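The structure under discussion appears below in the form of C-alpha cells.
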Amino acid sequence: GAVVSQHPSWVICKSGTSVKIECRSLDFQATTMFWYRQFPKQSLMLMATSNEGSKATYEQGVEKDKFLINHASLTLSTLTVTSAHPEDSSFYICSARDILQGGEGGYTFGSGTRLTVV
Amino acid sequence: GNSVTQMEGPVTLSEEAFLTINCTYTATGYPSLFWYVQYPGEGLQLLLKATKADDKGSNKGFEATYRKETTSFHLEKGSVQVSDSAVYFCARLKGGRRALTFGSGTRLQVQP
C-alpha cells in the first residue's frame with residue numbers, strides 16, 4: 001500500500017536554530033501534502049496545505065515566515081521551523097494524497113516528528 | 001464551522017467487550033466522515049469511511065454509520081481484542097482545501 005516516510009522521527013534542537021522535516025511519498029505521487037501539529041492529548045491541527053510547484057496555503061494563525069514549506073516535487077515536501085523556540089516543541093505529522101485516488105480517499109500519513117526545542 | 005467532537009478517553013475494556021466511541025460533527029453540508037487509528041509508534045491509518053448519509057463504513061470488525069439526523073458517526077465493535085489497543089480519531093473533510101479535520105482522539109486500552 002501507499003507509504004509516506006517522514007524524517008526525522010525525533011529531533012532536539014537549541015532555541016534559535018532551524019529544523020527541517022521531510023515528508024516523502026515512497027510509491028505514489030502527491031500533488032498535495034498536508035502538515036499537522038499535535039499537542040499532547042489534543043487533536044491534530046492543520047497547519048498548512050502544500051501544493052507541488054506553488055506556494056503553500058497556511059491556516060489562520062500559522063506564521064508563514066516561521067514554518068516554511070517547500071513542495072518541490074511530486075514526492076517530497078519539507079517543513080522548516082525557523083528560529084525555533086520552546087513553544088514550537090510539538091509533534092508534527094505530514095499527510096500526502098495520492099493523485100491517482102480520486103474521491104474521498106487516498107490520504108496517507110507519516111509517522112510524525114517529535115520536535116523538542118531546548 | 002467545520003469541527004469534530006469525540007468522546008474523551010482513555011477507554012479501558014476487557015477483551016471481547018463491546019466498544020462504542022462517540023463522534024459528532026458540525027453540519028455544513030454533508031461531509032465525508034472517517035475513522036483513523038494510530039497504533040503505538042506508527043502513523044495514522046484509515047480504518048473506515050462513509051461518504052453520504054446512512055452509509056455504513058466497516059473494516060476489521062469495526063463499524064460506523066453516518067447519521068445526519070444526529071450528525072454522528074459513532075465507532076462500534078462487538079468484541080474487542082488486545083490488538084485493538086490504539087488511539088482512534090474521528091475526522092471529516094474540510095471544505096475546499098480537501099484537508100481532514102480531526103477530533104481529539106480516544107485512546108483505547110484492551111486488557112486480556
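Letters A, B, ... mirror the listed sequences (proteins, then strands); counts begin at 1. Since this is a predicted model, take the numbers as computed values, not measurements.
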Inset, instruction - Tell me whether the centres of the aromatic rings in A:Phe109 and B:Phe102 are closer together than 6.0 Å. - result: yes
Legend entry - Under the salt bridge (charged side-chain N to carboxylate O under 4.0 Å, His left out) test, residues paired with B:Glu63 that sit two or more places apart: B:Lys56
Legend entry - Residue A:Gln6 versus chain B: region with a heavy atom under 4.5 Å: neither
Legend entry - Hydrophobic cluster identity match, A:Ile93 and A:Met45, side-chain contacts under 4.5 Å: no
Inset, instruction - Spell out the residues in residues 82-91 of chain A that have some non-hydrogen atom less than 4.5 Å away from a non-hydrogen atom of chain B, in order of number; otherwise answer 'none'. - result: A:Phe91
Inset, instruction - Verify, without hydrogens or angle tests, whether A:Tyr107 (side chain) and B:Leu46 (backbone) share a donor-acceptor contact under 3.5 angstrom. - result: no
Inset, instruction - State yes or no: do B:Leu13 and B:Leu75 share one hydrophobic cluster built from I, L, V, M, F, W and Y residues joined by side-chain heavy-atom distances below 4.5 Å, directly or via other members? - result: yes
Legend entry - B:Tyr39, OH: over 12 other non-hydrogen atoms inside 6.0 angstrom: yes
Inset, instruction - May I ask you to check whether over 12 heavy atoms, not counting those of B:Gln81, lie within 6.0 Å of atom CD? - result: yes
Legend entry - Joint hydrophobic cluster, A:Val62 plus A:Trp35, side-chain heavy atoms closer than 4.5 Å: yes
Legend entry - same_hphob_cluster(B:Tyr66, B:Met7) at 4.5 Å side-chain heavy-atom cutoff: yes
Legend entry - Least distance between heavy atoms, B:Ser104 atom then A:Ser43 atom: CA-CB, 3.5 Å
Legend entry - In one Ile/Leu/Val/Met/Phe/Trp/Tyr side-chain cluster, 4.5 Å: A:Met33, B:Leu93: no
